[in-house]
There are 2 protein chains.
Amino acid sequence: MSGLDENVLVCPVETTLSVVGGKWKAIILWRLVSGTKRFNELQRSISQITRKMLTEQLRELERDNLIIRTVYQQVPPKVEYTLSDYGRTFLPVMQAMAQWGFVHRERNG
Amino acid sequence: MSGLDENVLVCPVETTLSVVGGKWKAIILWRLVSGTKRFNELQRSISQITRKMLTEQLRELERDNLIIRTVYQQVPPKVEYTLSDYGRTFLPVMQAMAQWGFVHRERNG
DNA sequence: GAATCAAGTTTCCAATTGGGTACTACGTTA
DNA sequence: TAACGTAGTACCCAATTGGAAACTTGATTC
């Protein structure tokens, strides 16, 4: 607990997973790459996610400054989610993942 | 269930997560990038993982052909885990993750 | 005056994940 | 003959995750 090198020893892959790990975050961010989305639009495009999960994940992504949440004061409510500049730094990871997933699906069923 | 386009519609990021998602798999694979490792060696290098979890994750990675498990018939037992050629195709994703994690740690605490 | 809409929140319950501990195999070393 | 070491398994229990459904808000439409 007293060394200078604690941070140096942390695995960078673990660091990444601590921010965008879990079942949903990378998928949500990938949806936002193609542009700003509203809440229901996101939910419809991620078929298995519940409102609760989507809300939770969006809150955490916002807290970590990866996305920006914009509330329009109108009824019915309108809330938009946008990748932040910082969120966009995650683009290379998402592209690598998308590329691998695409090829993997070709290879396997 | 009868369309031609089911697979086309699957999100490639989701495909990737279905294979290497979860809390441990990417970390384990990243350890193997630097070379073949034995079971206990892996466990020691991933401080929070239990034997049970490590066993489970290694079995699944082996089932999906990302790693190769080699058992030496000797006592005490010796089992080695190695990235397969196919597992190595995941390298770009891991590198992108490691790079992002490294920069993210600089930026944040 | 009832229904509708978007974007949630709340509550409760089920399933999955994960941890602790003990146990195993068996040849070698003390 | 007792202990050691590696690579696990087996079993049980606790914690966390995740899902379903009902409820909320307030202006607008039927």
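Chain letters run A, B, ... following the sequence lines, proteins first, then strands; residues in each count from 1. Just the heavy atoms: all of them, side chains too, but no hydrogens, waters or symmetry mates, feed the values below. No experiment lies behind these values; they were computed from the predicted model shown.
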Rounded distance in Å - CD (A/Q73) to P (C/dC5): 21 Å
Any A/R38 side-chain nitrogen or oxygen under 4.0 Å from OP1 or OP2 of C/dA7: yes
Sugar-phosphate, base or nothing in reach of B/K23, heavy atoms under 4.0 Å: sugar-phosphate
Rounded interatomic separation in angstrom, taking CD from B/Q43 and C1' from C/dG20: 13 Å
Length of the CG-C1' vector between A/L54 and C/dG8, whole Å: 10 Å
Interatomic distance, B/E62 CD vs D/dG8 C1' [rounded to whole Å]: 13 Å
Test item: B/T15 side-chain N/O and B/C11 main-chain N/O as donor-acceptor pair under 3.5 Å: yes
Short side-chain N/O contact to C/dG27 OP1/OP2 from B/Y72, under 4.0 Å: no
Nucleotide D/dT6, atom C1' - distance to NZ of B/K37 in whole Å: 18 Å
Phosphate contact (C/dT21 OP1 or OP2) by B/R51 side-chain N/O below 4.0 Å: no
Earlier contact from the 5' end, DNA chain D, for A/M53 and A/P76: A/M53
A/E56 CD - D/dT16 P separation (whole Å): 14 Å
D/dT9 OP1/OP2 closer than 4.0 Å to side-chain N/O of B/R59: yes
Whole-Å distance separating the NZ atom of A/K78 from the P atom of C/dT4: 23 Å
Spacing between A/Q74 atom CD and C/dA6 atom P, to the nearest angstrom: 12 Å
Within one Ile-Leu-Val-Met-Phe-Trp-Tyr cluster: B/L42 and B/Y72, side-chain cutoff 4.5 Å: no
Verdict with reasoning, B/V19 to B/F90, per side chain to side chain contact (heavy atoms under 4.5 Å, CB included): CA-CA 11 Å; B/V19 182; B/F90 193 61; over 6 Å; no
5'-most by nearest nucleotide on DNA chain C - A/V79 or B/P77: A/V79
Chi angles and distances behind the side chain to side chain contact (heavy atoms under 4.5 Å, CB included) call for A/Y81, A/T70: CA-CA 6 Å; A/Y81 294 92; A/T70 310; over 6 Å; no
Donor-acceptor pair under 3.5 Å, A/K52 side chain vs C/dG8 base: no
Donor-acceptor under 3.5 Å (A/S84 side chain, A/L66 main chain): yes
First of A/T55 and B/Q48 reached from the 5' end of DNA chain C, by closest nucleotide: A/T55
Any A/R69 side-chain nitrogen or oxygen under 4.0 Å from OP1 or OP2 of C/dG8: yes
Closest to side chain of B/V75, choosing from D/dA7, C/dA7, C/dC26: C/dC26
